[in-house]
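What follows is one structure encoded as structure tokens, with my remarks underneath.
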Amino acid sequence: MNLVLDRMCIYLAERALFAPLDLNLAPGAIVTLMGPSGCGKSTLLSHLCGILPAPFRATGTISLGTRRLDGLPPEQRRVGILFQDALLFPHLSVAENLAFGLPRGLSRDERRRRVATALHEADLTGLGEQAPATLSGGQRARAALLRTLLAEPAALLLDEPFSKLDTTLRGRMRSFVFSHARERGLPTLLVTHDPADADAAGGPVLSLSAPIDGR
Amino acid sequence: MHHQPRLTHPGLALGLWFLTLLTGIAHASEPDWATIEKTARGQTVYWNGWGGDDKVNSYIAWVGAQVQARYGITLRHVKVSDIAETVARILAEKNAGRDQEGSVDLLWINGENFRAMKDNGLLYGPFSARLPHYRHVDTVGKPTTTVDFTVPVEGMEAPWGMAQIVFVHDSAVVREPPKSMAALLAYAQAHPGRFTYPEPPDFLGSTFLKQALLELTEQREALQKPATDANFGPVSAPLWRWLDQIRPYLWRQGQAYPPSMPALRQLLADGEIDIAFSFHPNDASAEIAKGTLPDTVRSYVLTGGTIGNTHFVAIPYNARAREGALVVANFLLSPEAQARKQDPVVWGDLTVLAVDQLPPEDQQRFAAIKPGVATLSAAQLGTPLPEPHPSWMERLEAAWRARYSR
Amino acid sequence: MQSATGCSGGLLSGAPALTLALLLMPIIAGLAGTLLPAFGYLPAIGASGFSLQPWRTLLAEPGLSHALILTLWTGVAATLLALLLTLALLAGCYQSRWLARIRRSLAPLLAMPHAALALGLAFLIAPSGGLARLLSPWATGWERPPELGLFGPQDPWGLSLILALTLKETPYLLFMSLAGLARWPADHDLAVARTLGYGPVSAFLKVVLPQLYPLIRLPVFAALAFALSVVDVALIIGPSAPPTLAVQALRGFNDPDLHARLPAAAAALLLTGLTGLALLLWEGAIQLLARCSRAWLSDGGRGGGGALAQWLALGSGTLALGLAMLSALGLLVWSFALRWTFPAAWPTQWTLAHWRGQFDSLAVATGNTLGIGVAATGVALLLVMACLEQEQRQQRAVSGRSLWLLYLPLLVPQVSFLFGVQVLLAGWGLEGHWLALLWTHLLFVVPYVFLSLADPWRAFDQRYEQSARTLGAGPARVFWRIKLPLLGSAVAVAAAVGFAVSVTQYLPTVFAGAGRYATLTTEAVALASGANRRLIGVYAVAQTLLPLLGFALALMLARRDHRR
């Protein structure tokens, strides 16, 4: 399924944050979006997954495959997102955090099996019963990605997910995330400051440009 | 004063004993009234009293203005929802050894609260006979001014006003009001939910129990002596039979009761009940004058007569402004203050004075009072029935709670 | 500057201990003053031997078991309803445009004293009350007040009491929950859950609630303890035959037979025990619920769009708000009514006489209320800010245990220690002194001010301070010039809360002030026994307006800050 943005623009009060954006992401494609801070990159992502904060307003359309996403509540969009912080829920164990992402209706054994597989994929085997706070930054980031993927999204948004990691960890985390996204054929939109992120993603790089006056 | 755990030091104890002796001597030679008035000037008198009726509160405010102008006394009305709170406070002070400079100077009291304070030595006195205006008190025609609920007053409180139970009904709703306990029962059975009484131990509620007991019991004379374990059951049995019968037909099926006289009156004003009663014979007229009761409301008494009593003011043993309190108590007994109090437009509380023995100009003050539309004449009121001994009230309240509050 | 700093540093380090001593001393002394009479020791009435007689008398009391069950039922039901309504509103409306409206309607509800609310509600729901008058006779056909049997204020099951307590506690729990939600990025957690496919209500219940509850545990406990031991509300709208345990104990303390004080003290202790037991059971039930629902949290159930839940929550929230507003409105109308008989929807004759006639005593009561409220709030703010500042300079948060101690005045039933406090104050000759009044008010104002101020204070970004210090400013200068201005709106809101708490105090004012300081609340409750709705209306309206003014002022300050 392609993620398609058509003449997408976001306004704060009457002011457009950037010039209208057209974008078509094929399955497995990773597009990097760059731009100075405050240009509306992260706001765009929050609009795509349906959590645009109140003072902002958006125009243009989003579609995922044949579905129009505009106006849908976030839970019906099947768009996964990763933030700077892993945001694992502190009141649940690591395994429960992963199970939180799993769809409903699976048997108990099936749930357990899939969580175990995910833990293994994230190199967290044996840490399932631990509280998230006991994990290292890299471990938390991997668990967060797996939780998002277990929810079986149809597209993936990355909101500077590597910026808080050590430089040594960053490289491994990038390839971990990108390979998973490609493997599942997810159209992926990455927002970042870091040109190294864009290089690692390997796909097209777009810059959000300032709006042209008079529009 | 048997237990003084604080005073273990013998010298201190001796000093205290000596001090007691000295105050005893001072007591023996009482200062004359002029000296008392002089000392009272500039004092602040804290007067604790029930603050639930604005007519009463306004009257007390008027008293405050008068004693300020005439005697230089500042009167502060400490409004309480139950005067027993104040008894509790004075007890706490005694408990803490605060035998001087107490927080209360004057309190509005009678009946069981008076007996409790008298028995526990919480009162100052005897003082009432020393008040110049006391000589006009009608101690003969109004015997309840010297015997408070059968407990001899002995000068420990000064009479202030007369109360008598008076029933009240809206003549537009009830043409022929029931004038006996039996008729009241029949009325309630015919009109469920339209009669009730304040919940004992509210003063008026407990008095209603006594009123019913006086009419229903076959041994009325036993009520003038303290109740005993042996006679309480047989004497009160007819009352409980009557209350059991009427209860399902009361307002709220006898599962909830109004807390006080004004609350009962409010139910009448709202039309929730048909018949109410009050302790002030002028109450209905006063409320009609204020516009809170419809002008079709009328008063009546039961054919067998109704209970009457006297309410008093007393001075705690540890009052700070004792002289000021004496002067205020005296002013309350003045014909001017008593006549104003009896006016239904002001309050409507009957005087304790023997009006026919007053100087002519003071008699004129009482004659000038316009009776309200719902006020009964002295003849209609009849001779009030005497209060039973307080022990009956206490037992009735306890037995009522055991039966109807569980 | 240096020496001043050193001096204030010395004062600061003593602040937590001083605050705790100020709060705990009266409670411990007060409890002792209740404990001794409960076991037969009250020298003032000649009872000096220790015995179990007061307990025997209490246990033989008719209706005691009924009163115990009634107390437990009304207290737990009211708290549960208030908590459920709070969570329903949050689950249904958090992150929706309704939340801002809910937030706005909180201030007047928080400001309305519970006695005023109870008085207004009692009129509203009576068979001859406001609702019946609005609907009669055109809709109901009632020309006279209906005979509704047991229903109405003071019903024997305590339903009207539960309703009054629920209306009063929901705004408080909402207020504390909103403060709790600001303590961690709950929005982000919700966003994560929503993008994982969870509906808004499920996301709230599974992700936010388990993290929120620990933060509002103490406020919930305070609400439960209050509901179990409240006196004025229960007197006004609670069942009377038999009443709740707190009212029964107070009646004993007020009984003209002074020996009734001994079983009353026992009843007060029993109430303390019952409160402790209820708190334990509540916490046990919560723990059990948490354990049983653990599997449900991660079972993958996503829930629906939550539209139904949102409308249900908004419906019941609006109903509660409407009842509270109508209660206030009814009192306001009564205060101007000359003649208002059933079934007229409005008074047929109006008058200003009630307000004019009460002008003098209203002015005195307002002056006293303002004086005590401002003094208590001021002292409480100083103490709390000193404690928080000391905590930050020591780099050590107030431990859980001392937070509990700070909360103790809100958890121990007032009737169980105020009589003892009265004896203590009388012993020092402080009874009726304004210092005593200030002190007892502090018992209840300090905890609330601390609760309101602690979170914003701790969340204050210390780098502002650090950078000011590196620019050469001393700690005192940093405090006054940087920190206080930046935290101004939080301080203003905490002050408004503290002032509102002071205004509502009834028992403490009566006990410590020796009844000499007539406040709007003591006058209103004294009038309540007289049932004159016109005057009750006057005082209840004044009693509500004063704290409302405080909140309005605080909001104005906050808004000005915001713009800056």
Side-chain angles (χ1 to χ4, degrees), chain A residues 42 45-46 48-55 69 72-108 110-112 114-115 128 132 144 146-157 159, chain C residues 92-101 103 180 183-215 217 286-287 289-291 293-310 562:
Chain A
S42 294
L45 289 199
S46 62
L48 295 185
C49 65
I51 55 172
L52 187 67
L69 296 189
L72 284 183
E75 61 269 23
Q76 288 173 22
R77 297 190 177 203
R78 297 191 54 210
V79 176
I81 183 166
L82 276 186
F83 297 100
Q84 281 184 11
D85 295 299
L87 294 174
L88 296 180
F89 305 132
H91 62 293
L92 298 177
S93 69
V94 175
E96 284 169 327
N97 262 287
L98 293 177
F100 191 88
L102 280 174
R104 141 162 254 173
L106 305 172
S107 73
R108 192 193 288 192
E110 176 65 12
R111 299 183 75 79
R112 202 171 293 155
R114 289 207 200 177
V115 168
L146 265 299
R147 180 176 66 178
T148 304
L149 295 179
L150 285 177
E152 298 172 359
L156 184 62
L157 308 175
D159 190 358
Chain C
C93 307
Y94 195 67
Q95 289 190 322
S96 84
R97 69 210 150 85
W98 289 99
L99 191 76
R101 289 177 203 190
R103 221 187 265 273
R183 275 170 72 173
W184 90 99
D187 297 22
H188 293 184
D189 282 352
L190 268 178
V192 168
R194 294 290 295 277
T195 57
L196 290 174
Y198 285 78
V201 175
S202 294
F204 183 87
L205 294 180
K206 290 186 170 187
V207 172
V208 175
L209 180 58
Q211 300 183 69
L212 174 65
Y213 189 78
L215 301 180
R217 174 176 286 127
I286 293 285
Q287 302 273 357
L289 191 69
R291 187 167 311 161
S293 62
R294 184 78 194 230
W296 171 77
L297 292 182
S298 54
D299 74 349
R302 254 57 170 179
L308 181 69
Q310 185 178 12
H562 192 69

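In what follows, chains are A, B, ... by sequence order, proteins preceding strands, each numbered from 1.
Contacts of A:R77 with chain C are absent, with no heavy-atom separation under 4.5 Å from either backbone or side chain. Proximity to chain C is absent for every atom of A:P153, based on heavy atoms less than 4.5 angstrom apart. With a 4.5 angstrom heavy-atom cutoff, A:E96 touches chain C via backbone and side-chain atoms both.
Of the listed residues (C:G197, C:A203, C:P214, C:A295), the greatest number of heavy-atom pairs within a distance under 4.5 Å of chain A belongs to C:G197. Contact count versus chain A (heavy atoms, under 4.5 Å) is highest, among C:V207, C:D189, C:L190, for C:V207. Most heavy-atom pairs under 4.5 Å with chain C: of the set A:P73, A:G80, A:C49, A:A99, this distinction falls to A:A99. Chain C forms the most heavy-atom pairs under 4.5 Å with one residue out of A:L150, A:L92, A:L98, A:L106, and that residue is A:L92.
Not counting sequence neighbours, the partners of C:L209 by the side-chain contact (heavy atoms from CB on, under 4.5 Å) test are C:L87, C:F204, C:L205.
In this structure, A:S93 and C:R294 approach most closely via the heavy-atom pair N-NH2, 3.6 Å. Here the closest non-hydrogen pair linking C:L297 and A:F100 is O-CD1, 3.5 Å. Among all heavy-atom pairs drawn from C:Q211 and A:P90, the shortest one is OE1-CG, 3.1 Å.
A donor-acceptor pair is defined here as one N or O able to donate and one able to accept, closer than 3.5 Å; no such pair exists between the side chain of A:R147 and the backbone of C:L196.
Within the structure, every pair that satisfies the side chain to side chain donor-acceptor pair (under 3.5 Å) test and touches residues 194-206 of chain C, not counting sequence neighbours, is listed here: A:E75-C:R194, C:Y198-C:R302, C:K206-C:D299.
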